[in-house]
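We name chains A, B, ... by the order of the sequence lines, and we start the count at 1 in each one.
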Number of protein chains: 2
Amino acid sequence: MSDHDDRPPIDLGGGHRMTPQRREVYEVLMEHSDHPTATEVFMRAKVRMPSISLATVYNCLDTLAGAGVVKQVNVDREPSRYCGNLAPHGHFHCADCGTVLDIDLKNGAELAKTFKVPRGATVERFDIAVRGRCPKCAKVARAR
Amino acid sequence: MSDHDDRPPIDLGGGHRMTPQRREVYEVLMEHSDHPTATEVFMRAKVRMPSISLATVYNCLDTLAGAGVVKQVNVDREPSRYCGNLAPHGHFHCADCGTVLDIDLKNGAELAKTFKVPRGATVERFDIAVRGRCPKCAKVARAR
DNA sequence: TTTTTATTTAGAATAATTATTGATAAGGAT
DNA sequence: ATCCTTATCAATAATTATTCTAAATAAAAA
């Protein structure tokens, strides 16, 4: 087994370093494509790095999101979630179990043009959130 | 001047009454089409009904939203906003001044079909939020 | 009228997030 | 290497939006 780290370096810009904590938080997000909250990231990171603190996880997530290497996802007023999927996509949010699933936006660029934003406004990004019941919960609901 | 209330009655359903507080909160939302937060609604309602409390405003907003006569609008993790525009529409959120403006979705029904939600999932509603700079702030930014 | 149920209010409680502070560590210049 | 500056981390305090609790009030039902 090789003992060197052959992953490509990740530039965070703005004089920010890729510290062990930031790398760990980043790894946690890359491992699974679910959408963990800061607390969930904290719990997963803690397994391999017991000394990490929740405040640091918040800081890391903020830095990583600011650098654009992960995305912060907000559905309604629930705790923020984070994901490593950088491709343009929307989110499906289950009203019953709270799961968040990615929605592929095949025509993201097209879609953006259909929004009639106020004249003179500039667009930075857009978020699409669909709320309903995920397949599993929909099935349970039908059975009732 | 007539002293009777000739506004059409609003049914809140579920055994809920249209109380003076609920009516006041509802009026505040109908008066302007901006998107006040609960605290802003509270301040406006307090002018004509000084005894109203913030908790009551939260309760009223929740009841009105539950009955479907007003809409709760969430952008990012900011405080919830409320609006009386029941037509399907998206929201434009200014990154600089925080203003929230309605975006007309002429083809809301069409749009909904373009989302490839997970197979077997049921859709309840969808939210579209565009983030950027409103005309006023975009102009200021250009001047810099 | 009595009983029940819904509502309001003030204030306490909660939960997510941010801010503060002191300690530690990394980088660059000398 | 040594000094100096800046970034980072961890613990904990503080903040903020919102919800909960409990007691009082009011309206509807019986």
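Under a cut-off of 6.0 angstrom, the local environment of NZ in A:Lys136 is sparse, with at most 12 non-hydrogen atoms contributed by other residues, nucleotides or ligands.
Between A:Thr37 and C:dA16 there is no side-chain N or O to OP1 or OP2 distance below 4.0 Å. Within the 4.0 Å cut-off from OP1 or OP2 of D:dA7, not a single side-chain nitrogen or oxygen of A:His16 is found. Considering only side-chain N and O atoms, A:Tyr58 lies under 4.0 angstrom from the phosphate OP1 or OP2 of C:dT17. One finds no side-chain N or O of B:Thr19 lying less than 4.0 angstrom from the OP1 or OP2 phosphate oxygen of D:dA27. A sub-4.0 Å separation between OP1 or OP2 of C:dT7 and a side-chain N or O of B:Arg22 is present.
A straight line from CG of A:Leu54 to C1' of C:dA15 spans 11 Å, rounded to a whole angstrom. With rounding to whole Å, A:Gln21 atom CD is found 17 Å from D:dA7 atom P. With rounding to whole Å, B:Glu78 atom CD is found 12 Å from C:dT18 atom P. Look at CG on A:Leu61: it is 13 Å from P on D:dA10, rounded to the nearest Å. Whole-Å rounding puts the B:Asp76 CG to C:dA16 P distance at 18 Å. Between the CD1 atom of B:Ile52 and the C1' atom of C:dA10 there is a distance of 14 Å, given to the nearest Å. Distance A:Phe42 CZ to C:dT18 C1': 16 Å, rounded to the nearest Å. Atoms CG (B:Asp62) and P (D:dC20) sit 10 Å apart, rounded to a whole Å.
Of the candidates B:Lys71, B:His91, B:His35, B:Arg81 forms a side-chain contact (heavy atoms from CB on, under 4.5 Å) with just one, namely B:His35.
In terms of position along DNA chain D, the nucleotide closest to B:Pro79 lies nearer the 5' end than the nucleotide closest to the other residue of the pair B:Ala55 and B:Pro79.
Of the possible polar contacts, one joining the B:Asp11 side chain to the B:Gly13 backbone as a donor-acceptor pair under 3.5 Å is found.
Set against D:dA11, D:dA28, C:dT17, the side chain of B:Arg77 has C:dT17 as its closest nucleotide. Residue A:Ser53 has its side chain nearest to D:dA11 when only D:dA28, D:dA11, D:dC20 are considered. With D:dA7, D:dA10, D:dA28 as the choices, the nucleotide that has an atom nearest any side-chain atom of A:Arg17 turns out to be D:dA7.
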Open item on the list: Using side chain to side chain donor-acceptor pair (under 3.5 Å), reason through B:Asp102 and B:His89 one step at a time and then give a plain yes or no.
Closed with: CA-CA 6 Å; B:Asp102 285 350; B:His89 64 279; 3.3 Å; yes
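Closest approach of A:Ala121 to B:Phe92, counting heavy atoms only: CB-CZ, 3.7 Å.
If you check every strand for non-hydrogen atoms under 4.0 Å, A:Thr39 touches nothing. Residue contacts for B:Asn59: at a heavy-atom cut-off of 4.0 Å it reaches a base atom on one of the strands shown. Residue contacts for A:Ser80: at a heavy-atom cut-off of 4.0 Å it reaches the sugar-phosphate backbone alone, with no base atom in range.
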